[in-house]
Amino acid sequence: MRIFLDTAEVAEIRRYADWGVVDGVTTNPSLVARSGRVFEEVVAEICAIVDGPVSAEVTALDAAGMVAEGRRLAAIHPNVVVKVPLVPEGLKATAALRADGVDVNVTLCFSLPQALLAAKAGATYVSPFVGRLDDLGQDGMALIDEIVTALRAYPALDTQVLVASVRNAEHVRRAALLGADAVTLPPKVLEQLVAHELTRKGLEAFLADWNRRAGAAPDPAAPRGPGAPGGRS
Ligand code: G3P
């Protein structure tokens with residue numbers, strides 16, 4: 001399963017790219033607006049940092065406008081994936097951009113029928129938003145199960161399932177078990193994935209044992225004096 005970062009903050013992307021686990025990046029108009037930067041510049045900088053798909057979303061509402069905007073975005077770098085919304089004009093734009101050889105991520109997917117239409121239009125990726133379904137009291141990951149199962153039954157539809165609106169490590173765990181192609185994660189969720197209390201405690205114990213071994217130099221940070229563990233009594 002590929003891991004994408006869901007952010008338009010270049011400094012964050014640079015920091016996490018160093019972990020060696022980031023396969024791509026997704027952005028959306030809200031994230032770009034939050035960065036306060038010029039969209040095209042941000043996309044170019046991200047492409048220079050991460051050697052993988054970088055989703056950049058169009059804001060036009062009609063197919064012709066989406067295609068024109070999509071072509072401009074795709075010209076920034078060969079790794080740009082044009083993101084279009086899952087509406088009829090977006091489906092038209094998807095078919096046109098794919099005919100031009102441009103990769104397309106169809107976003108704002110909330111149902112299996114919508115995902116099927118995106119796949120039929122030739123989408124490279126479809127992005128179901130699991131967190132926003134959870135927000136409504138539904139099970140977002142059940143939708144991933146449905147889409148993965150249905151697309152697997154029709155190998156001619158080679159659209160990849162990109163799990164979006166990911167809020168926690170449990171979403172990622174279930175996405176992996178379901179065989180989703182990719183997840184896109186806000187940096188804080190990537191941080192949650194690596195953290196485990198037993199890893200932290202285990203490392204602390206290993207280092208304490210190492211520092212207590214025979215002949216080890218005294219640890220200048222260790223407490224000393226009467227009453228301190230290992231100190232004079
Ligand atoms: O990039 C789309 C996406 O992942 C949105 O997430 O948390 O705003 O629902 P969220």
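Counting convention: from 1, in listed order, for ligands and their atoms alike. Numbers for residues simply follow the sequence, beginning at 1.
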- Task: Tell me which protein heavy atom sits closest to atom 6 (O) of ligand 1, plus the residue, atom name and distance to 0.1 Å.
- Result: Ser165 CA, 3.3 Å

- Item | Any donor-acceptor N/O pair, Asn79 side chain to Val54 backbone, under 3.5 Å | no

- Message: Taking Asp103 first and then Arg98, would you say they form a salt bridge - that is, a charged N and a carboxylate O separated by under 4.0 Å?
- Response: yes

- Are any of the side-chain heavy atoms of Leu157 and Lys120 separated by less than 4.5 Å? yes

- How far is atom 7 (O) of ligand 1 from its nearest protein heavy atom, and which residue and atom is that? Arg167 NE, 3.1 Å

- Query: Do the side-chain N and O atoms of Glu69 and Thr59 include a donor-acceptor pair separated by under 3.5 angstrom?
  - Reply: yes

- For atom 3 (C) of ligand 1, find the nearest protein heavy atom and state the residue, atom name and distance (0.1 Å precision). Asp6 OD2, 3.3 Å

- Message: Does any N or O of ligand 1 fall below 3.5 Å from an N or O anywhere on Thr184, backbone included?
- Response: no

- Message: For Glu57, state whether at least one heavy atom is located under 4.0 Å from any atom of ligand 1.
- Response: no

- Query: Between Thr26 and Ser55, does any side-chain donor sit less than 3.5 Å from a side-chain acceptor?
  - Reply: no

- What atoms of ligand 1 come closer than 4.0 angstrom to any heavy atom of Arg132? 5 (C), 8 (O), 9 (O), 10 (P)

- State, with a plain yes or no, whether a side-chain heavy atom of Met141 is found less than 4.5 Å away from one of Leu133. no

- Find all atoms of ligand 1 within a distance of less than 4.0 Å from any non-hydrogen atom belonging to Ala164, and give their numbers and elements. 4 (O)

- Query: Can you check whether Asn28 has an N/O within less than 3.5 Å of an N/O in ligand 1?
  - Reply: yes

